[in-house]
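Some notes on the structure that comes next.
Worth saying up front: this structure is predicted, and the values here are computed from it rather than measured.
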Amino acid sequence: GRFDIQLEVGAGHLSRVLDVTVNGKPFPVTAYAGDREPATVGEVELSSDQDTVITVERSKPAERGAILDLDIERVVLRPVR
């Protein structure tokens, strides 16, 4: 089905531009540490008969393996109706 994906980010003083990839589909996301509202990633089609792979990295240009400098507390999947 179709899902809206959001990231809940922990308290802090940083914001980051992130590259979120869901099953190979890239989404640029700006996440603000401590924001009360989750950062919206986007809408994706997911299937229950295959594994879902979600990766989160600092946006390019960033050094390979660079730390995020913020805490992702939760990845939220909400069905789109």
Side-chain angles (χ1 to χ4, degrees):
R2 293 204 63 78
F3 291 87
D4 181 46
I5 298 180
Q6 300 175 327
L7 298 178
E8 292 183 7
V9 180
H13 62 279
L14 300 173
S15 64
R16 284 278 179 252
V17 178
L18 305 172
D19 290 332
V20 178
T21 305
V22 181
N23 292 340
K25 183 176 179 182
F27 295 89
V29 176
T30 302
Y32 299 95
D35 199 352
R36 292 181 185 192
E37 295 297 319
T40 299
V41 174
E43 197 173 297
V44 295
E45 183 77 29
L46 301 177
S47 175
S48 62
D49 63 345
Q50 65 184 148
D51 292 339
T52 297
V53 177
I54 300 172
T55 60
V56 181
E57 299 175 310
R58 285 178 65 175
S59 186
K60 309 299 183 256
E63 293 181 27
R64 184 181 306 194
I67 61 172
L68 290 178
D69 287 338
L70 58 84
D71 293 326
I72 297 173
E73 294 185 342
R74 188 171 310 151
V75 176
V76 180
L77 300 170
R78 298 204 173 158
V80 174
R81 297 174 191 218

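Interatomic distance, I5 CD1 to K25 NZ, rounded to the nearest 0.5 Å: 9.5 Å. Taking CZ of R58 as the reference point, atom CG of L18 lies at 9.0 Å (rounded to 0.5 Å). In this structure, the separation between CD on E45 and OG1 on T52 is 10.5 Å, given to the nearest 0.5 Å.
Between E73 and G10, the shortest heavy-atom distance links the atoms OE2-CA, 3.3 Å. Across all non-hydrogen atoms, the minimal contact from A31 to V9 is CB-CG2, 3.8 Å.
Applying side-chain contact (heavy atoms from CB on, under 4.5 Å) to V44 and the options V22, D4, I54 leaves one that passes, V22.
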Might you work through the side chain to side chain contact (heavy atoms under 4.5 Å, CB included) test for T40 and V29, ending with a clear yes or no?
-> CA-CA 7 Å; T40 299; V29 176; over 6 Å; no

When you look at L77 and L46, which way does the side chain to side chain contact (heavy atoms under 4.5 Å, CB included) test go after all the steps?
-> CA-CA 10 Å; L77 300 170; L46 301 177; 4.3 Å; yes

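Heavy atoms of other residues, nucleotides or ligands lying less than 6.0 angstrom from CZ of R2 number more than 12. Heavy atoms from other residues, nucleotides or ligands lying under 6.0 Å from CZ of F27 number more than 12.
F3 and V75 fall within the same hydrophobic cluster, defined by Ile, Leu, Val, Met, Phe, Trp and Tyr side-chain heavy atoms under 4.5 Å apart, directly or through other members.
For the pair N23 (side chain) and V53 (backbone), a donor-acceptor distance under 3.5 Å is present.
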